Amino acid sequence: MSRVNRLADEKSPFLLRHAENPVDWYPWGDEAFELAVDEDKPIFLSIGYSSCHWCHVMERECFNDEEVAEFLNDACVSIKLDREERPDLDELFMEICRIQNGDGGWPLNLFLTPKGEPFFAATYLPKRTTGKMPGMADIVPRMKWLWLMQRDDVQRGAKNLVETLTARSVYTPGGQIGSYHIKTTAKDLKNAFDGIWGGFGPAPKYPYAPRLLFLLEYARANPAEKKEILGMVSLTLRKMWAGGIHDHLGGGYARYATDERWITPHFEKMLYDQAMLLWVASAAYEADQDAFYQKFAEDIASCVLRDFLSPEACFWASLDADEGKFYRWTEEEIRMALPQGEAGVFCAAYAILPGGNFTHEMTGRQMGYNVLYEAAAVTELARRYGLRAPDLSKRLENGRRVLLEARSKRPKPKVDDKVLMDWNGLMIGALAYAGRVFEKKEWILSAERAALFLQKALVDPKGAWRRRYRAKEAGIPALPGDYAALMWGVMELYESAAADKQKKDWLRYAENLAAKLEENFWDEPVGGFFLSSASEPHIFLRRKSATDDAVPSVNAMAMMAYAALAGAQPDNKKYMDMAGAISSCFARRANLTPIEYVSMFTASMKLTKIKEELAANEEKQEETEQEHEQEQKQEVNWKGGNRFGKSHPDA
């Protein structure tokens with residue numbers, strides 16, 4: 001029987017993956033922190049997630065290694081944390097990593113004092129020191145020596161890090177987001193835009209869906225710039241569609257590409273990326289009824305409803321990268337799978353090479369296998385092969401179908417089958433919105449089923465929500481991002497509902513979430529939502545933030561949800577006031593570095609739009625009332641026998 005550590009009792013697939021490591025892992029909690037104090041040892045905290053490629057590499061090289069495990073077990077109390085279960089802790093410690101190193105990533109590895117204050121942070125670490133990259137076998141003994149021999153310096157360094165982050169976490173309310181700063185945000189995005197390959201900045205290339213959503217909202221509010229802005233969104237989505245980041249056989253998108261052309265993917269598929277890109281495609285179609293956006297949306301929705309859908313009708317968290325084994329092909333495999341005479345044109349269309357087209361992320365070396373990406377337009381290939389473009393399109397479609405069938409017989413990527421409240425909220429909202437835009441009732445029904453299951457499964461008898469559902473069990477108290485994302489998703493269901501009763505039910509659902517969010521996380525004196533609970537005992541700082549990541553920030557998401565609630569209940573000023581208070585809290589900081597806060601500006605534009613619509617409705621209602629009063633007066637005059645409304649000789 002294999003040895004197991006304390007992670008064996010956890011629900012997270014990521015933590016369970018480490019349950020047989022020789023490292024004596026603890027989950028985040030009282031036991032680990034009490035032991036660190038009792039034994040006077042620093043804490044080694046390692047944060048990652050199930051579909052993270054480099055997390056798997058570090059596990060193989062370090063955490064499954066007896067020598068490294070011996071060092072860790074001797075010097076530290078080791079905690080393993082799933083960032084997807086505790087995004088509040090991940091954000092807190094990731095900010096420490098950025099302060100120390102200028103950037104971050106996963107796996108995220110830190111050394112903390114027994115009280116939980118960080119004094120060293122790094123990302124991926126090999127076993128042995130390589131060049132400038134320190135190795136675990138060298139770092140851990142060094143940390144033990146520092147803790148025993150230079151503790152004052154260590155604690156002073158930890159104090160300085162905490163004070164730096166604390167200073168960065170102070171927000172002054174009273175700011176305003178105006179049109180000038182919104183235009184500045186658009187200008188910054190134009191400057192960062194890659195006019196050749198789409199997206200923003202050099203490699204690695206991420207979808208940055210919050211930036212695309214900002215551009216689409218900006219285009220709506222600024223018609224003079226609409227053509228240019230929509231061109232940026234269109235180029236980005238089309239280049240992503242053509243690239244290897246897109247799964248041309250099964251649909252959906254990988255988390256990012258390692259190159260600027262979107263060709264070489266990091267193969268993991270995340271639920272939140274699918275939700276955000278479905279949201280973008282729907283908004284793009286509303287702005288410009290191009291059939292490409294519908295194809296883009298259908299591709300994602302089919303992937304999600306096939307590969308991410310749980311038996312309970314909710315959505316799983318992710319599909320493992322598995323180093324791309326499931327997705328990559330040799331030229332020989334493709335020629336054997338496709339009918340004779342079809343392989344040549346298919347290989348030309350998708351850049352399939354005898355020696356492979358896939359390069360190693362770190363070394364740049366050819367790996368001998370291929371990832372599918374569109375190497376040429378169908379019209380160009382049709383001319384080259386003397387075919388009609390529609391006929392060639394059908395042949396390529398048939399080839400993709402044959403390869404998808406062949407791929408389905410391979411061992412499938414591991415699924416992180418936990419259901420997360422916030423990511424499900426995003427997918428519920430994206431499906432409801434897309435279903436409304438593209439008139440896909442089945443997408444709306446899927447969103448409804450998921451929302452109803454969450455309401456049943458994640459709420460305990462006392463009415464408190466839980467963040468995670470797995471193996472028929474809900475756990476981990478819900479965080480503000482959970483409430484905000486599901487609020488937004490439910491309000492999209494409200495907008496998509498046809499019957500008044502349905503609308504009332506969804507509205508009541510969203511209002512319940514809003515009440516819980518405010519009760520547990522609202523910063524009453526300043527405004528905005530804290531990222532963690534006041535009852536969390538082991539964090540050194542309860543902070544707020546409104547900067548975006550791959551998804552909108554918690555506070556921007558809440559602002560959008562409150563704006564939607566305000567639009568649905570014009571007589572209730574509370575929700576409009578809440579959205580305004582969030583904006584007031586973060587506006588000053590957002591105006592200084594707008595590109596980091598794009599979703600705050602998106603939310604502000606949405607709020608302005610709703611205010612204008614409510615004002616227009618009030619004005620229209622006043623005009624209607626005035627017309628009605630005038631009609632009543634005229635009716636009284638007619639009944640009184642005075643056709644003219646005052647004395648007249650003919651009366």
Side-chain angles (χ1 to χ4, degrees), residues 3-7 15 18-48 54-55 57-81 89-90 92-94 96-101 104-165 538-540:
R3 172 180 57 182
V4 295
N5 54 49
R6 289 165 182 80
L7 301 183
L15 299 185
H18 292 76
E20 295 184 8
N21 292 166
V23 176
D24 191 11
W25 290 115
Y26 286 76
W28 179 276
D30 293 342
E31 185 181 7
F33 282 89
E34 288 169 2
L35 183 66
V37 172
D38 291 344
E39 297 192 354
D40 190 28
K41 287 182 176 181
I43 291 168
F44 174 66
L45 173 63
S46 183
I47 304 174
W54 288 106
C55 299
V57 173
M58 191 166 177
E59 185 206 1
R60 288 196 302 269
E61 293 179 351
C62 297
F63 303 140
N64 261 331
D65 183 87
E66 293 288 347
E67 183 182 10
V68 172
E70 186 177 347
F71 284 142
L72 281 170
N73 295 341
D74 169 62
C76 307
V77 173
S78 298
I79 297 176
K80 178 61 74 171
L81 184 70
L89 298 177
D90 178 62
L92 179 69
F93 289 111
M94 186 63 75
I96 289 292
C97 186
R98 292 190 183 105
I99 291 171
Q100 272 206 330
N101 304 297
W106 298 280
L108 175 60
N109 299 290
L110 306 101
F111 288 88
L112 320 177
T113 69
K115 293 183 179 180
E117 296 178 333
F119 59 88
F120 175 89
T123 54
Y124 163 77
L125 296 167
K127 178 182 177 180
R128 301 290 181 195
T129 298
T130 306
K132 294 183 179 180
M133 186 178 291
M136 284 290 289
D138 302 307
I139 287 176
V140 180
R142 174 68 175 168
M143 291 300 158
K144 178 182 178 180
W145 184 87
L146 286 171
W147 183 248
L148 294 175
M149 306 302 294
Q150 295 189 357
R151 184 171 307 191
D152 288 346
D153 290 342
V154 169
Q155 291 178 329
R156 193 179 303 112
K159 182 182 177 183
N160 290 339
L161 276 173
V162 170
E163 288 176 349
T164 299
L165 184 53
H538 301 301
I539 59 172
F540 58 87

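Computed from a predicted structure; not experimentally measured.
- Ring geometry for Trp54 versus Tyr124: interplanar angle of 30 to 60°, hence tilted.
- Here the closest non-hydrogen pair linking Tyr26 and Leu7 is C-CD2, 3.8 Å.
- Under the 4.5 Å side-chain criterion, counting only non-hydrogen atoms from C-beta, Cys62 is not in contact with Leu125.
- Pairing each heavy atom of Thr129 with each of Gly135, the nearest pair is OG1-N, 3.0 Å.
- The shortest side-chain heavy-atom distance between Met136 and Met58 falls under the 4.5 Å cut-off.
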inquiry  = Would Asp152 and Gln155 count as a side chain to side chain contact (heavy atoms under 4.5 Å, CB included) here? Give the steps.
reply    = CA-CA 5 Å; Asp152 288 346; Gln155 291 178 329; 4.3 Å; yes

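- Applying the side-chain contact (heavy atoms from CB on, under 4.5 Å) test between Ile47 and each of Thr123, Leu89, Leu110 identifies Leu110 as the sole match.
- Checking side-chain atoms of Asn21 against main-chain N and O of Asn64 turns up no donor-acceptor pair under 3.5 Å.
- Heavy-atom contacts from other residues, nucleotides or ligands closer than 6.0 Å to CD of Glu70 number 12 or fewer.
- Contact annotation: the side chain of Leu92 approaches that of Leu165 to within less than 4.5 Å [non-hydrogen atoms, C-beta and beyond].
- Put simply, the side chain of Phe119 reaches to within 4.5 Å of the side chain of Met143, judged on heavy atoms.
- Of all the heavy atoms in Phe71 and Ala137, the pair that sits closest is CE1-O, 3.6 Å.
- Between Trp28 and Phe33, the ring-plane angle classifies as perpendicular under the 30° and 60° cut-offs.
- Counting heavy atoms from C-beta outward, Leu45 and Leu81 have side chains that approach closer than 4.5 Å.
- Taken to the nearest 0.5 Å, the NE2 atom of His538 stands 8.5 Å off from the CD1 atom of Ile79.
- The CG atom of Leu72 sits 10.5 Å away from the NZ atom of Lys41 when rounded to the nearest 0.5 Å.
- With rounding to the nearest 0.5 angstrom, the CD1 atom of Ile96 is 4.5 Å from the CD1 atom of Ile99.
- The two residues Ile43 and Ala36 have their closest heavy-atom pair at CG1-CB, 3.7 Å.
- Nearest approach of Phe63 to Val23, heavy atoms of both residues: O-CG2, 3.6 Å.
- Within the model, atoms CD of Glu61 and CZ of Arg128 stand 11.5 Å from one another, a figure rounded to the nearest 0.5 Å.
- Of the possible polar contacts, none joining the Lys144 side chain to the Pro42 backbone as a donor-acceptor pair under 3.5 Å is found.
- Between atom CD of residue Gln100 and atom CG of residue Asn160 there is a gap of 10.5 Å, rounded to the nearest 0.5 Å.
- Taken from NZ in Lys127 to CG in Asp138, the straight-line distance is 10.5 Å, to the nearest 0.5 Å.
- Other residues, nucleotides and ligands place more than 12 heavy atoms under 6.0 Å from the CZ atom of Arg151.
- Residues Phe111 and Ile139 meet the side-chain proximity criterion, which asks for heavy atoms closer than 4.5 Å.
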message = Would Phe120 and Val154 count as a side chain to side chain contact (heavy atoms under 4.5 Å, CB included) here? Give the steps.
response = CA-CA 9 Å; Phe120 175 89; Val154 169; over 6 Å; no

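- Counting heavy atoms from C-beta on, the side chains of Asn5 and Pro22 never come closer than 4.5 Å.
- Nearest heavy atom pair, residue Ser46 against residue Asn109, reads OG-OD1, 2.8 Å.
- Looking at heavy atoms from C-beta onward, Phe93 lies in side-chain contact with Phe540 at the 4.5 angstrom threshold.
- When atom types are taken as modelled, the side chain of Asn73 and the backbone of Asp24 share a donor-acceptor pair closer than 3.5 angstrom.
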